[in-house]
There are 2 protein chains.
Amino acid sequence: MARNKNPEETVNLILEASYHLFIEKGYERTSIQDIIDRLGGLSKGAIYHHFRSKEDILVAVIERITDMSNALLLEIRDRPGLTGKEKLTSIFWESIRRPIQDKIFTAAPNFFDSPGLLFALLHDTVENAAPNYLLPILQQGIDDGSIEAECPEQLAELILFVANVWINPMIFDDSVEDAVRKFRVFDKMMRGFGLDILDERMLERLKELAEIYNKRK
Amino acid sequence: MARNKNPEETVNLILEASYHLFIEKGYERTSIQDIIDRLGGLSKGAIYHHFRSKEDILVAVIERITDMSNALLLEIRDRPGLTGKEKLTSIFWESIRRPIQDKIFTAAPNFFDSPGLLFALLHDTVENAAPNYLLPILQQGIDDGSIEAECPEQLAELILFVANVWINPMIFDDSVEDAVRKFRVFDKMMRGFGLDILDERMLERLKELAEIYNKRK
DNA sequence: ATATTTAATACCGACCGTCGGTATGTATAA
DNA sequence: TTATACATACCGACGGTCGGTATTAAATAT
């Protein structure tokens with residue numbers, strides 16, 4: 001392949017190809033050669049010019065995914081004119097209304113063949129998303145009186161944790177009924193913390209999603 | 001190495017060696033040669049006589065770990081003369097009193113370098129532990145009136161999920177205070193489900209554990 | 001301004017060591 | 001004698017390296 005004047009494009013191409021391959025085949029089962037083939041013309045040397053290792057590519061890909069999935073949290077956190085509780089409600093409603101991780105979950109029926117990806121999301125949840133995005137929202141809620149919490153750091157972790165790793169993959173559950181039950185249990189958990197932010201509108205939308213995804217199997 | 005009269009011993013040796021290596025170095029970074037070296041004398045042919053692949057060894061090792069960590073659940077589930085709620089309390093108290101996963105967590109400061117292991121525990125939680133061990137206990141509690149739950153299947157999943165993946169690794173948290181906060185949030189969550197099973201005795205024991213593990217770092 | 005040199009870098013592809021896995025052989029237990 | 005517990009030589013594929021080439025931008029000279 002001819003030399004590119006602005007190499008960022010090449011980096012993007014590599015990441016794009018790797019992203020799809022990692023999701024389709026899993027990280028371990030994707031070889032450098034696979035990436036080269038998909039890029040059609042780019043050489044091994046080129047890849048190793050831009051990345052130090054295969055794992056380095058994975059890290060960059062994961063960063064993309066987490067950035068993408070955190071974009072909504074970031075935007076809502078800084079959205080003006082809302083109470084903390086309203087922001088929390090917005091997060092759940094909007095992430096259900098237009099599921100960001102669509103591409104990941106739909107394109108990757110063997111998402112669970114790639115523990116690395118799931119684990120990376122988990123790691124990001126604890127190290128980044130919870131303290132930097134959800135915690136400030138809870139704090140604001142505590143300040144403006146719309147939320148009550150004794151240990152907001154841990155509560156933020158728990159909520160994102162359960163939402164990302166337990167609730168989110170529910171679309172793979174064998175039945176819509178199970179998805180609804182998960183939603184109810186999650187709702188009860190949130191109410192236990194004084195957070196009555198889930199409503200019937202969300203449940204209806206959830207059923208829609210569950211049905212759509214179930215049909216694809 | 002000479003031929004062993006009962007080959008089960010050889011299988012055990014292979015699993016034992018692999019178990020430690022997987023925990024110390026992670027699965028990916030452990031080579032078959034590493035296992036051979038650790039076994040001292042046994043050959044590659046021997047290993048591939050007893051196992052079809054490296055992944056096959058991993059599966060067997062994971063089965064050992066999950067069996068070990070489920071042994072307590074199994075025993076308590078079938079323990080006679082207790083209400084469902086009392087059994088639930090027993091699970092938490094006894095798993096804190098003598099932490100089963102001691103060996104895993106202490107021997108593996110890079111446990112999180114092995115997403116595969118963590119993921120396997122997670123998978124076992126959803127597919128095995130929750131439906132086969134915790135759910136019957138919740139069901140019994142519902143029957144004998146000591147527990148109230150609308151969706152026991154999902155509740156069992158959630159509880160084990162949070163306990164295994166969020167609470168259990170807390171010993172690696174930077175401070176004892178954070179561990180205590182996690183415990184409080186978890187307690188509040190359980191009380192939200194009408195399960196007031198955690199008490200001060202557990203908290204004290206937890207502080208002990210957290211202090212012990214923190215000193216090792 | 002234009003031409004020439006220089007240094008940096010985007011990219012190539014042959015090559016290397018290591019890995020998981022296999023084929024074949026040998027010794028021992030039943 | 002036959003099945004099996006093990007040994008060993010070997011294979012292809014893998015991640016990664018390295019010397020080299022082509023292209024570009026910056027520095028310098030004209």
Under-3.5 Å N/O pairs linking protein and nucleotides 16-21 of chain C:
from: C:dG20; atom 1: OP1; to: B:Thr30; atom 2: O; distance (Å): 3.4
from: C:dG20; atom 1: OP1; to: B:Lys54; atom 2: NZ; distance (Å): 2.9
from: C:dG20; atom 1: OP2; to: B:Ile32; atom 2: N; distance (Å): 2.8
from: C:dG20; atom 1: N7; to: B:Lys44; atom 2: NZ; distance (Å): 3.1
from: C:dG21; atom 1: OP2; to: B:Tyr48; atom 2: OH; distance (Å): 2.7
from: C:dG21; atom 1: OP2; to: B:Lys54; atom 2: N; distance (Å): 2.7
from: C:dG21; atom 1: N7; to: B:Lys44; atom 2: NZ; distance (Å): 3.1
from: C:dG21; atom 1: O6; to: B:Lys44; atom 2: NZ; distance (Å): 2.6

Distance-only polar pair, side chains of B:Arg64 and B:Asn12, donor-acceptor under 3.5 Å: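 Yes, because at least one side-chain N or O of B:Arg64 sits under 3.5 Å from a partner of the opposite role on B:Asn12.
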Between A:Asn164 and A:Asp124, a side-chain donor and acceptor under 3.5 Å: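 A:Asp124 and A:Asn164 do not have a side-chain donor-acceptor pair below 3.5 Å.
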A:Ile137 to A:Gly84 - nearest heavy-atom pair and separation: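 Nearest pair, atom of A:Ile137 first, then A:Gly84: CG2-O, 3.5 Å.
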For the student: nearest non-hydrogen atoms of B:Met202 and B:Leu198, plus distance: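 Minimum heavy-atom separation between B:Met202 and B:Leu198: SD-CD2, 3.5 Å.
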Side-chain N or O of B:His50 closer than 4.0 Å to phosphate OP1/OP2 of D:dC6: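 Result: yes.
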OP1 or OP2 of C:dC11 under 4.0 Å from side-chain N/O of A:His49: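 For A:His49, the contact criterion (side-chain N or O under 4.0 Å from OP1 or OP2 of C:dC11) is not met.
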Distance, nearest 0.5 Å, that separates CD1 of A:Ile57 from OH of A:Tyr27: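 Taking CD1 in A:Ile57 and OH in A:Tyr27, the distance rounds to 8.0 Å.
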Separation of [N] [atom2] from [X] [atom1] (nearest whole Å):
| X | N | atom1 | atom2 | value |
| --- | --- | --- | --- | --- |
| B:Ile14 | D:dA5 | CD1 | P | 11 Å |
| B:Leu13 | D:dA5 | CG | P | 14 Å |
| A:Asn6 | D:dA25 | CG | C1' | 14 Å |
| A:Ile47 | C:dG13 | CD1 | P | 13 Å |
| A:Ile36 | C:dA14 | CD1 | C1' | 13 Å |
| A:Phe51 | D:dT17 | CZ | P | 15 Å |

Exam field: side chain B:Tyr133 to backbone B:Leu72, donor-acceptor pair closer than 3.5 Å: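 Looks like no, no N/O pair under 3.5 Å.
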Comparing A:Asn4 and A:Gly45 on DNA chain D - which has the more 5′ nearest nucleotide: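 It is A:Gly45 whose nearest nucleotide is closer to the 5' end.
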